[in-house]
Amino acid sequence: MELKILGKYGPFPKADGGTSSYLLKAGNKNILLDAGEGSFSRLVKEILPENLYAIIISHSHADHTADLGVLSYYFEFLSRSGKKFDKPYLFAFDDGSDIITNAIRSPYFNAIVIFDGFKFEDDITFEFTALSHPAVDHGVKIKCGGKTFAYTGDTNVCEPLENFVCDADVFLADGGFLFKDWNENKPHLSVYHVSELSKKCGNKSIITHFNPFYNEGDIFAEAKRAGGNFIIAQEGETYEF
Ligand SMILES: [Zn+2]
Ligand SMILES: [Zn+2]
């Protein structure tokens, strides 16, 4: 598998940055994980959107869905121009928000409404687990070619989290806070938690969802202190595993 970071910030980006969005290549399939601000223009640098197999939306917050509407406009345009294409799957939990409800109803996506424990099997397997965030968030585990990758979306510490990430060879996780700003009522994990989880699990973490006001040197130092095998996500970079 191969993961390209399209946007690594949240809840808003830096100048020329983007918010949560990642392009995963699993086998010969392209999967878009969240569609944050700036993701569409970065996606089209990599692939034609009609070559997406699936779009997975972890939750409805704007920093994960800002470009979902324009992605739908793109497919509407293709369709009206008479171009034949396979509609991408859209996996999302229907929380009743306009952005999600409109996307699920869009005739240009092949929408599949997910829930905690939902599993979809093709030559790739997707398994969804509800995690802990103010908007209902589902992490996804993706299995392909003997490898397992997991993405948390946005979450703080919760009961299913450790098993969820430990089952993966590599996981991408929300390290939205430095530990000094974190507590158990906040909406995100800390950088320290994510790196520490990869130490406990004996696997590799890719830490993301950075507040643009944080200093990256502080983020790196905190992840190092926790002792895990980690990568600090960088926009435009591709990680292979
Ligand atoms: Zn977020
Ligand atoms: Zn969120």
Side-chain angles (χ1 to χ4, degrees), residues 1-11 13 17-27 29-47 49 51-68 70-72 88-93 99-100 103 109-112 114 118 120 122 124-131 133 135-144 147-155 164-165 168-176 188-189 194 204-210 231 233-241:
M1 290 194 237
E2 225 180 84
L3 183 76
K4 178 121 193 162
I5 312 294
L6 303 179
K8 67 169 184 176
Y9 294 103
T19 63
S20 274
S21 188
Y22 314 89
L23 178 61
L24 181 76
K25 294 195 182 195
K29 295 193 162 61
N30 296 302
I31 299 154
L32 185 68
L33 301 168
D34 283 336
E37 193 277 335
S39 60
F40 184 83
S41 60
R42 290 170 171 195
L43 175 70
V44 295
K45 277 190 194 164
E46 304 300 321
I47 61 166
N51 292 332
L52 279 173
Y53 169 74
I55 301 156
I56 295 176
I57 300 296
S58 64
H59 67 297
S60 62
H61 283 162
D63 53 332
H64 299 252
T65 57
D67 280 7
L68 188 55
V70 292
L71 195 53
S72 163
Y89 287 112
L90 170 74
F91 293 93
F93 173 78
I99 184 73
I100 299 291
F109 296 134
N110 192 357
I112 297 187
I114 61 164
F118 179 76
F120 176 89
D122 192 357
I124 300 180
T125 302
F126 299 113
E127 284 176 45
F128 297 88
T129 301
L131 298 172
H133 195 57
V136 177
D137 176 277
H138 286 83
V140 61
K141 257 188 298 199
I142 300 174
K143 298 184 182 188
C144 175
K147 290 269 172 158
T148 301
F149 166 80
Y151 170 51
T152 63
D154 285 1
T155 188
F164 174 76
V165 298
D169 299 291
V170 175
F171 68 96
L172 173 68
D174 168 11
H188 306 287
L189 293 164
V194 179
K204 186 167 206 155
S205 56
I206 303 173
I207 313 175
T208 190
H209 203 286
F210 301 122
I231 288 171
Q234 297 298 343
E235 294 184 345
E237 287 294 317
T238 303
Y239 307 109
E240 281 180 43
F241 42 87

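Sequential numbering from 1 along the given sequence is applied to the chain's residues. All values reported here derive from a predicted model rather than from experimental measurement.
- Annotation: the span from Ile99 atom CD1 to Ile57 atom CD1 amounts to 8.0 Å, rounded to 0.5 Å.
- Formation of a donor-acceptor pair under 3.5 Å by the Glu235 side chain with backbone atoms of Gly18 is found in this model.
- A donor-acceptor pair is defined here as one N or O able to donate and one able to accept, closer than 3.5 Å; such a pair exists between the side chain of Thr19 and the backbone of Glu37.
- Atom-to-atom distance recorded for Lys4:NZ and Arg42:CZ is 10.5 Å, nearest 0.5 angstrom.
- In this structure, the side chains of Ile124 and Met1 stay at 4.5 Å or more apart for every pair of heavy atoms.
- When the options Leu52, Ile56, Ile55, Leu3 are evaluated for a side chain to side chain contact (heavy atoms under 4.5 Å, CB included) with Ile31, the one that passes is Ile56.
- Atom NZ of Lys204 sits in a sparse spot, with 12 or fewer heavy atoms from other residues, nucleotides or ligands closer than 6.0 Å.
- In this structure, His133 and His59 have perpendicular ring planes: the angle between them is above 60°, well past the 30° mark.
- The main-chain N or O of Ser20 is never found under 3.5 Å from a side-chain atom of Asp34 such that the two would form a donor-acceptor pair.
- Between Tyr89 and Phe126, the distance from one ring center to the other does not fall under 6.0 angstrom.
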Are Asp154 and His61 close enough, and set up right, to give a side-chain hydrogen bond (donor to acceptor under 3.5 Å, both in side chains), and what steps lead you there? CA-CA 9 Å; Asp154 285 1; His61 283 162; 4.6 Å; no
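- Phe93 is not listed as a side-chain neighbour of Ile100, based on a closest heavy-atom distance of 4.5 Å or more.
- Across Asn30 and Asn51, no two heavy atoms sit closer than the pair ND2-O, 3.0 Å.
- Using cut-offs of 30° and 60° on the angle between ring planes, the pair Phe128 and Phe118 is tilted.
- Between Phe91 and Phe120, the ring planes are perpendicular. Angles over 60° get that label, and only those under 30° would be called parallel.
- Residue Phe109 comes nearest to Ala103 through the heavy atom pair CD1-O, 3.5 Å, listed as atom of the first residue, atom of the second, then distance.
- Using modelled atom types, one side-chain atom of Asp67 and one backbone atom of Phe40 make a donor-acceptor pair closer than 3.5 Å.
- A pairwise comparison of heavy atoms in Ala233 and Ile206 identifies CB-CG2, 4.1 Å as the closest pair.
- Using a 4.5 Å heavy-atom threshold, the side chains of Phe164 and Glu127 count as separate.
- Asp174 places a side-chain N or O within donor-acceptor distance of the main-chain N or O of Thr155, the cut-off being under 3.5 Å.
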